[in-house]
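Everything below concerns the one structure shown next.
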Amino acid sequence: MSERIQPRTLKGFRDYLPEAMIPREWLIDTARSVYRSYGFSPIDTPALEYLEILTGKGSEETDKQLYRFQDHGGRDVGLRFDLTIPLARFAAQHIQELGIPFKRYHIANVWRGENTQRGRYREFMQCDFDTIGTESNSADIEMVLVVHDLFAAIGFEDFQIHVNNRRVLNGLLEKLGLAERSTLVLRALDKLAKGGAKVVSQELTTVAGASEGQVRDILQLATLRGDNSQVLAQLTPLLAGSETGERGLNELAEMVAALDATGIPSGRFGIDVSIARGLDYYTGTVLETFLEKLPGIGSVCSGGRYDNLAELYTKEHLPGVGASLGLDRLLAAMEELGQLKKTSTTAPVFLPFFAAAHRDDYLRLAANVRRAGIGVEFFPEAKKLGKQLQYADKRGFRIALIAGADELAAGQCQVKNLATGESTTVSAAEDGTAVIAEIRRILGA
RNA sequence: GUGGCUGUAGUUCAGUUGGUUAGAACGUCGGAUUGUGAUUCCGAAGGUCACGGGUUCGAAUCCCGUCAGCCACCCCA
């Protein structure tokens, strides 16, 4: 034992203590229930894939960030860096059994070997949902609704879903004769929110090789302001004559009308022509979600429509639309906003081990309360009551059930509200119905 | 991957121009209080000063490397 191994974790990888894990699980549960409420079904895929599956896309950037190695059988493998590529492979393999349209959600860890920053890690969780196999704009509209419901369910008031359509931009680029360099242009445009017009125009000129006039037209389009109908009206002349652009415009207009009809508060959703998304596989709707109080953290939920998800893996034509919630970035944001409740207990009720000779009575009482669907933690040692209550207080329990030899002899139990300190004595007989009723009363209040 | 800042008990931080035994608060554990939790009092545990090397009579302090964290770029959730 002379030399111990230093306990440590890799850069960008983290341990989760109960205090961090409890809100994390809550967020996952919330996302899951919103996705399910729209009929999305869960799937899972392996963390490790054949390298060729992951590098199929071939972009340099993802290639650099990919965790890759040879497995014990000498196969070239890699850890998934998002959930979309695995979905493409998954769909190519199983779409026959699944049928179309296929709606799935996938909540899982992904890995990227990039440099860390607040809210950005090398192992992080994504909560994706996608609808594949349909080109209907309804699916795009539903995507926005899901994102809206998701953030509302999490408890945010001040969030904004920015929506755009790639066809709008592509239409303009066609008109300008820049269609071939669209990826470079879009990537530059993606920096508008952060860097401003100067940065964008410089990158457009130097990287994308756009002329002064082209830069001016692109920026004019991207910096349109006003409410949704105003933006749509201003876009119309800019895109006139471009089939692609007009189609994009129509899709946007349809979406605006549909979302208005569902009664989404207007401040939470807006056309933002500057949203481009760096990823080049998006072809139609693109979406980003920002927290008004924390614009610096960037988009916490992004997504869009892609024409052919699985073309690398199958002949089957599989269009899709979906978005991804960045769970860890969102948790970092919520922590910064003080929006996370601090508890490190999962059961609401605490049962002190008070009278050492009565362990079985406590276990029976706890079992009765649990049968009613209420979690109970029984303290493992018959320590001083004060100590046990201190423990309960620190963990954030809401109720303590206090029963010493006297109460047990009388068939009674104190139900103590730990928030107020009030305590009522009720009968513990009849499988604890009175105890359970009192607990429910306190929890309900 | 590039550049900048940082690293001292579980946590937040002191620590003089390099000087001998590295401190505090909070937290933890025990006691005052063999039946009631954020109060009070007493006591205890807890540090290879991130790790490794160098300079020096002497290093938490100066230098180099590694690791990690934060920030910017890049990219993105």
Side-chain angles (χ1 to χ4, degrees), chain A residues 2-15 17 19 27 31 59-66 81-84 107-128 147 187-188 190-191 193-195 199 203 207 276-280 287-291 296-304 323-333 350 352-356 358 379 381-408 414-423 425:
Chain A
S2 57
E3 274 195 25
R4 288 191 198 279
I5 298 162
Q6 191 190 352
R8 55 191 188 145
T9 49
L10 285 164
K11 180 185 177 75
F13 289 72
R14 298 166 301 155
D15 287 327
L17 273 59
E19 199 173 275
L27 208 55
S59 123
E60 277 174 45
E61 201 50 50
T62 52
D63 225 48
K64 255 172 34 186
Q65 298 182 354
L66 196 60
F81 60 90
D82 71 6
L83 298 177
T84 306
I107 298 175
N109 278 337
V110 302
W111 296 267
R112 290 184 199 175
E114 66 176 340
N115 245 342
T116 54
Q117 237 172 90
R118 173 163 289 281
R120 301 178 63 171
Y121 309 97
R122 290 184 168 179
E123 177 181 63
F124 58 98
M125 185 165 274
Q126 290 195 325
C127 307
D128 278 31
V147 172
R187 196 161 282 168
D190 212 25
K191 286 160 195 156
K194 211 172 181 180
V199 172
E203 183 164 334
V207 181
R277 310 282 307 123
L279 286 172
D280 27 339
L287 161 159
E288 293 200 340
T289 312
F290 296 97
L291 304 177
I297 202 147
S299 172
V300 286
C301 181
S302 315
S324 176
L325 174 72
L327 187 96
D328 294 277
R329 189 178 277 190
L330 185 61
L331 278 168
F350 179 69
F353 192 170
F354 195 176
H358 289 269
F379 200 77
E381 293 174 44
K383 286 215 279 194
K384 282 198 208 169
L385 184 59
K387 291 287 174 195
Q388 296 189 52
L389 287 174
Q390 217 169 54
Y391 168 88
D393 187 48
K394 177 155 295 161
R395 301 289 161 125
F397 284 96
R398 301 187 54 193
I399 291 167
L401 298 180
I402 299 173
D406 299 349
E407 283 92 347
L408 290 171
Q414 287 181 40
V415 180
K416 183 173 178 121
N417 182 335
L418 289 170
T420 63
E422 288 164 16
S423 174
T425 302

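Chain identifiers are assigned alphabetically (A, B, ...) following the order of the sequence lines, protein sequences preceding nucleic acid strands; residue numbering begins at 1 within each chain. These values consider heavy atoms only, across backbone and side chains, with no hydrogens, waters or symmetry-generated copies. Note that the structure is a prediction, hence the values are computed from the model and not measured.
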Contact class for [X] (heavy atom, under 4.0 Å): base, sugar-phosphate, or nothing?
| X | answer |
| --- | --- |
| A:F354 | base |
| A:Q117 | base |
| A:F350 | nothing |
| A:E407 | base |
| A:Q126 | sugar-phosphate |
| A:G113 | nothing |
| A:D328 | nothing |

Within less than 4.0 Å of OP1 or OP2 of B:C70, is there a side-chain N or O belonging to A:T116?
-> yes

Can you find a side chain N or O atom of A:K383 that sits less than 4.0 Å from OP1 or OP2 on B:G30?
-> yes

Side chain of [X] - closest among [options]:
| X | options | result |
| --- | --- | --- |
| A:K384 | B:A77, B:G31, B:C67 | B:G31 |
| A:R120 | B:A77, B:C70, B:U33 | B:A77 |
| A:K387 | B:G30, B:G37, B:G69 | B:G30 |
| A:D393 | B:A72, B:A77, B:A38 | B:A38 |
| A:K11 | B:G37, B:G35, B:G69 | B:G69 |
| A:R329 | B:G1, B:U36, B:A77 | B:A77 |
| A:R112 | B:C70, B:C76, B:G35 | B:C76 |

Rounding to the closest angstrom, what is the interatomic distance between B:C49 and B:A44 at atom P?
-> 23 Å

How far, in whole Å, is B:A60 from B:A9 if one measures between their P atoms?
-> 14 Å

Whom does [N] pair with, Watson-Crick or G-U wobble, provided both distances fall under 3.5 Å?
| N | answer |
| --- | --- |
| B:A25 | B:U11 |
| B:U2 | B:A72 |
| B:U39 | none |
| B:U20 | none |
| B:C62 | B:G54 |

Under the side-chain hydrogen bond (donor to acceptor under 3.5 Å, both in side chains) rule, collect the residues that match up with A:S423, sequence neighbours excluded.
-> A:Q414

I need the [atom1]-[atom2] distance between [X] and [N], as an integer number of Å.
| X | N | atom1 | atom2 | answer |
| --- | --- | --- | --- | --- |
| A:Q390 | B:C29 | CD | P | 8 Å |
| A:L385 | B:G35 | CG | C1' | 6 Å |
| A:E114 | B:C76 | CD | P | 10 Å |
| A:I402 | B:G37 | CD1 | C1' | 9 Å |
| A:N115 | B:C75 | CG | P | 14 Å |

Confirm from the modelled atom types if A:E288 and B:A77 form a donor-acceptor pair under 3.5 Å, side chain to base only.
-> no

